[in-house]
Amino acid sequence: MTASETLPVVQGRGLRKSYGQSEVLRGVDLDVAHSETLCIIGPSGSGKTTLLRCLNYLTVPDAGTVTIEGEILGPRPGESLYAHAAQQRLDRTRARIGMVFQRFNLFPHMTALANVAEGLRTVRRMPVGEADDRARLMLGRVGLGDRANAYPGHLSGGQQQRVAIARALAMEPVVMLFDEVTSALDPELVGEVLAVMRDLAAGGMTMVVVTHEMSFAREAGRHVMFMDAGLVVERSTPAEMFADPKDPRTRAFLRRVLPATGA
Ligand code: ADP
Ligand code: MG
């Protein structure tokens, strides 16, 4: 293993966030190792989205630190977030984090190919031909090699979400963050998106996946983390989490979301 493979890719320490009087993250630690898929589960409102957004500073945490491959994201202790150096480091580090949301937010007036190539051209300043070649490759990876010229309006929700995944992958992130990316999809379209995510996980992509899909957490995750009321209640392997949850809150949640087994 190289040095960069032994460092956690993502490390969060003591992350806190409040909105007004309501403390949404109450001191969360998180480690994601190279090539690991960490699934985050928990009831609605438990802080999962806020945590994910704090990991790339889309939401600025009130306290705590995030490091990406050992590099601190955001301001160093004593430094202002708005200091030039902090902003530069933030831009640089953030560019290494891919994020996919529940809503795909594709540009409707641009083809699938152009949507994927856009960041490469504007952020990476890649020449058009090279960006298009890379975008085509990424669309192939999510099974959409034949839909490169389609506009989002002519793609299904599942296909649009796969374009969004290709767009994030094109930037060569060291980690991909997924926030409930199948929740807005019709049930019959969920499988194709999860299949792409399973392929990525199997291919060694480092991923943090907030999901309601317990089958995905059970099969694709190396670790599962259960959050409740802004805290990590329990973190374990999927086998332990689903067969032998330790905390009563975890047990209650799983009883609610898992179909009855009849056992
Ligand atoms: P989850 O993703 O687990 O459903 P969230 O992180 O979205 O949870 O939300 C946690 C809590 O924080 C919720 O009570 C939500 O209403 C609140 N919250 C999230 N974002 C904001 C915001 N921008 N302003 C005020 N409250 C927010
Ligand atoms: Mg959420």
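Note that this is a predicted model, so its numbers are computed, not measured. Order of appearance sets the numbers: ligands from 1, and atoms from 1 within every ligand.
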Q) Less than 4.0 Å between a side-chain N and a carboxylate O, is that true for Asp244 and Lys246? A) yes

Q) Any idea which protein heavy atom is nearest atom 3 (O) of ligand 1, and the distance to it? A) Lys48 NZ, 2.7 Å

Q: Taking only Lys NZ, Arg NE, NH1 and NH2, and the carboxylate oxygens of Asp or Glu, determine whether Glu172 and Arg96 approach each other closer than 4.0 Å.
A: no

Q. Under the 4.0 Å line, does any protein heavy atom show up next to atom 11 (C) of ligand 1?
A. yes

Q | For Thr50, atoms of ligand 1 separated by under 4.0 Å from a heavy atom | A | 5 (P), 6 (O), 9 (O)

Q: Verify the neighbour count for atom NE2 of His109: are there more than 12 heavy atoms of other residues, nucleotides or ligands below 6.0 Å?
A: yes

**Q.** Heavy-atom neighbours of Arg103 CZ exceed 12 at 6.0 Å
**A.** no

Q.
Tell me whether the Mg ion (ligand 2) has Gln102 as a neighbour, meaning an N, O or S atom of it below 2.8 Å.
A. no

Q: Looking only at protein heavy atoms, identify the closest one to atom 8 (O) of ligand 1 and say how far it is in Å.
A: Gly47 N, 3.2 Å

Q) Thinking salt bridges, do Glu23 and Arg16 make one under a 4.0 Å N-O criterion? A) yes

**Q.** Closest to atom 2 (O) of ligand 1 (judged by heavy-atom distance), picking from Ile41, Thr49, Val24, Ile40
**A.** Thr49

(Q) Counting only heavy atoms not in Arg76 (residues, nucleotides, ligands), do more than 12 fall under 6.0 Å from its CZ? (A) no

Q. Could any protein non-hydrogen atom be found less than 4.0 Å from atom 16 (O) of ligand 1?
A. no

(Q) Under 4.0 Å between a side-chain nitrogen and a carboxylate oxygen: does that hold for Arg235 and Glu240? (A) no

Q) Would you say the side-chain atoms of Asn149 and Thr111 include a donor-acceptor pair closer than 3.5 Å? A) no

Q.
Below 4.0 Å, non-hydrogen atoms only: which portion of Ser22 touches ligand 1? Side chain, backbone, both or neither.
A. neither

Q: Would you check whether Gly42 reaches within less than 4.0 Å of ligand 1, judged by its heavy atoms?
A: no

Q) Nearest protein heavy-atom contact for atom 19 (C) of ligand 1: which residue, which atom, what distance? A) Tyr19 CE1, 3.6 Å

Q) If hydrogens are left out, which of Gly20, Gly45, Pro43, Ser18 has an atom nearest to atom 1 (P) of ligand 1, that is, the closest non-hydrogen atom? A) Gly45

